[in-house]
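The structure under discussion appears below in the form of structure tokens.
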Amino acid sequence: MNRILTALGLFAAACAIPAAGQGVTVTSELDSAVIVMGSQVRMTVNVSMPENYAGTARMLNAPEIQDTVRGYGRWYGVDVVGIEADTTDSDGRRRLTLGYTLQAFDPGLVSLPPVGVLPADGSDTVFSNTLALKVLPVEVDTVSMALMPMATVADPHSRWYDYIPLWTLWVLLAVALAAAGWILWRKLRRRKEEIVREAAKPVPPFDLAMSRLSKLRASGIAAMGHEKEFYTELTDILRQYLHGRFGINAMEMTSSQIVKALRRNPDTRMPADRMDAVLRIADFVKFAKEKPLADDNERAMMRATEFVESTKPVPPPPVDEKVIKAAAGTGNKKK
């Protein structure tokens with residue numbers, strides 16, 4: 001019914017309505033007057049009216065589909081399983097063709113009542129003709145139909161897992177999830193321990209000093225007028241390097257004591273002059289409040305870097321396995 005109302009709603013807005021029911025015709029027909037129970041038949045309703053009634057005309061007593069989910073409706077002893085609508089315009093008239101697919105399951109003669117059209121409120125209803133549909137029963141050959149004996153009880157086909165209780169599967173699933181969680185926890189904990197070990201691993205004095213010197217040069221604090229902070233950080237880097245690299249307690253020593261210690265050490269005797277130059281200008285800036293030039297700051301940074309690089313630990317020479325084997329062989333021969 002909703003489709004019918006929608007089709008009628010598409011008509012143009014009505015103009016002045018003429019006399020009630022004037023020029024409206026409604027006819028209905030079946031494509032077959034006899035069907036077998038369970039079969040379908042098509043009922044066609046043709047409506048012809050002036051276009052003036054397009055906005056006010058309503059269908060009455062027409063088949064409907066009440067269950068829109070299953071597409072099913074009941075109408076005077078038959079089932080409504082489909083509805084179609086089509087409209088055409090010509091010569092100032094609107095023609096509406098409605099197709100209903102009906103299905104009957106009860107044998108006998110079915111009288112299908114007329115379908116009405118109300119052109120406008122307060123007007124007379126125009127009805128179609130009444131239809132008759134004969135529904136034939138399905139014939140059953142009881143003579144040739146043999147009565148079969150009752151079947152015996154069949155053994156169900158079962159598999160081994162049909163005998164496993166359902167709770168066992170839930171227990172196995174819980175155990176598997178617990179095992180997976182424990183494995184994941186172990187991996188995360190092991191990874192965390194590796195990260196902690198890597199973070200706690202001491203950085204070699206040479207690498208630490210070069211890294212801090214690079215950061216100090218990139219900071220540019222000397223160029224911004226913070227010479228005292230620059231030389232304080234520079235001498236702190238060198239003092240910690242001497243303590244870590246040579247075991248010299250430079251953090252508790254004066255500049256002159258540091259230079260003397262360097263001159264007594266064979267590994268630092270040659271580059272001691274570079275350290276001496278850096279410590280002297282640093283003392284002037286920190287204690288005498290001297291204002292060094294930009295070139296002096298650059299030379300101090302360069303001399304500090306050269307001192308660290310010149311005292312870089314030399315890796316041990318690679319061990320020649322052939323020499324070791326030859327020496328071992330000689331020792332065995334002497335025995």
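Numbers for residues simply follow the sequence, beginning at 1. For the numbers below, each heavy atom of this structure counts, side chains included, while hydrogens, waters and symmetry mates do not.
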Does T97 form a side-chain hydrogen bond (donor to acceptor under 3.5 Å, both in side chains) with D86? I'd like the steps, not just the answer.
CA-CA 5 Å; T97 302; D86 183 31; 5.5 Å; no
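- Salt-bridge formation is detected for the pair R212/D236: a Lys NZ or Arg NE/NH1/NH2 atom is positioned less than 4.0 Å from an Asp or Glu carboxylate oxygen.
- Note: the hydrophobic cluster containing L213 does not contain L208 (ILVMFWY, side chain heavy atoms under 4.5 Å, direct or indirect links).
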Determine, stepwise, if the pair V117 / T125 fulfils side-chain contact (heavy atoms from CB on, under 4.5 Å).
CA-CA 6 Å; V117 175; T125 303; 5.8 Å; no
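- Atom CG of D91 sits in a sparse spot, with 12 or fewer heavy atoms from other residues, nucleotides or ligands closer than 6.0 Å.
- A chain of hydrophobic side-chain contacts below 4.5 Å, direct or via other Ile, Leu, Val, Met, Phe, Trp or Tyr residues, connects M37 to L133.
- Put simply, the side chain of Q103 never gets that close to the backbone of V80: no donor and acceptor are under 3.5 Å apart.
- By the 4.0 Å N-to-carboxylate-O rule, D273 lies too far from R280 to be salt-bridged with it.
- In this structure the side chain of R239 reaches within 4.5 angstrom of the side chain of S255, judged on heavy atoms.
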Is there a side-chain contact (heavy atoms from CB on, under 4.5 Å) between V26 and V45 once you walk through the steps?
CA-CA 7 Å; V26 184; V45 177; 4.0 Å; yes
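- Identified under the side-chain hydrogen bond (donor to acceptor under 3.5 Å, both in side chains) test for residues 292-301, with sequence neighbours left out: R217-E298, Y231-N297, D296-R299.
- Between A62 and Y100 the shortest heavy-atom distance is CB-OH, 3.8 Å.
- Follow the hydrophobic side-chain contacts under 4.5 Å out from Y76 and you reach I65 in the same cluster.
- Under the 3.5 Å distance criterion, the side-chain polar atoms of S214 are left unmatched by any main-chain donor or acceptor of S211.
- Between I248 and L262 the shortest side-chain heavy-atom distance falls below 4.5 Å.
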Please report the C-alpha distance between L112 and V78 in whole Å, then the side-chain angles of each, then the deciding distance to 0.1 Å, and finally whether the side-chain contact (heavy atoms from CB on, under 4.5 Å) criterion is met.
CA-CA 9 Å; L112 302 179; V78 295; 4.2 Å; yes
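- Side chains of S90 and R95: a donor-acceptor N/O pair is present below 3.5 angstrom, by distance only.
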CA sep, side-chain torsions, deciding dist, call: D106, R74, salt bridge (Lys or Arg N to Asp or Glu O under 4.0 Å):
CA-CA 13 Å; D106 299 326; R74 190 73 175 169; 3.6 Å; yes
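- In terms of modelled atom types and a separation under 3.5 Å, the side chain of R274 and the main chain of T305 share no donor-acceptor contact.
- Taking CG of D267 as the reference point, atom CZ of R245 lies at 6.5 Å (rounded to 0.5 Å).
- Counting heavy atoms of neighbouring residues, nucleotides and ligands inside a 6.0 Å radius, atom CE of M251 exceeds 12 of them.
- The main-chain N or O of E306 is never found under 3.5 Å from a side-chain atom of E309 such that the two would form a donor-acceptor pair.
- Rounding to the nearest 0.5 Å gives a distance of 8.5 Å between CG of D283 and OG1 of T254.
- Judged by distance alone, with hydrogens and angles left aside, the side-chain atoms of D31 form no donor-acceptor pair with the main-chain N or O of M43 at under 3.5 Å.
- The closest side-chain heavy-atom distance from P292 to F284 is not below 4.5 Å.
- Between E229 and K286 no salt bridge is recorded (no basic side-chain N to carboxylate O distance below 4.0 Å).
- No side-chain heavy atom of V115 sits under 4.5 Å from any side-chain heavy atom of L60.
- Counting only heavy atoms from C-beta outward, the side chains of R58 and T56 never approach each other to under 4.5 Å.
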Without placing hydrogens or testing angles, list every side-chain donor-acceptor pair under 3.5 Å for residues 169-189, not counting sequence neighbours.
{"unit_1": "R189", "atom_1": "NE", "unit_2": "E193", "atom_2": "OE2", "d": "3.4"}

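- Side-chain atoms of V308 and L238, non-hydrogen and from C-beta on, do get closer than 4.5 Å to each other.
- Looking at Y241 and T311, their side chains do bring a donor and an acceptor atom within 3.5 Å of each other.
- The shortest side-chain heavy-atom distance between P113 and T130 does not fall under the 4.5 Å cut-off.
- Under the 4.5 Å side-chain heavy-atom criterion for Ile, Leu, Val, Met, Phe, Trp and Tyr, L131 and M59 are members of the same hydrophobic cluster.
- Residues Y53 and M49 have side chains in contact (heavy-atom distance under 4.5 Å, counting atoms from C-beta outward).
- Both F246 and L279 are members of a single hydrophobic cluster when ILVMFWY side chains are connected at heavy-atom separations under 4.5 Å.
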Checking R42 against E84 for the salt bridge (Lys or Arg N to Asp or Glu O under 4.0 Å) test, could you report, in this order, the C-alpha distance in whole Å, the side-chain angles of both residues, the deciding distance, and whether it holds?
CA-CA 11 Å; R42 180 181 175 84; E84 299 176 359; 3.6 Å; yes
Hey, mind stepping through R93 and S48 against side-chain hydrogen bond (donor to acceptor under 3.5 Å, both in side chains) and telling me if it holds?
CA-CA 7 Å; R93 297 187 65 81; S48 178; 3.0 Å; yes
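- Just one residue in the list V278, D276, L242 forms a side-chain contact (heavy atoms from CB on, under 4.5 Å) with F307, and that residue is L242.
- When atom types are taken as modelled, the side chain of R263 and the backbone of R269 share no donor-acceptor pair closer than 3.5 angstrom.
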Would L96 and L98 count as a side-chain contact (heavy atoms from CB on, under 4.5 Å) here? Give the steps.
CA-CA 6 Å; L96 175 63; L98 303 173; 3.9 Å; yes
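- The backbone N or O of S128 lies less than 3.5 Å from no partner atom in the side chain of T27, so there is not a single donor-acceptor pair.
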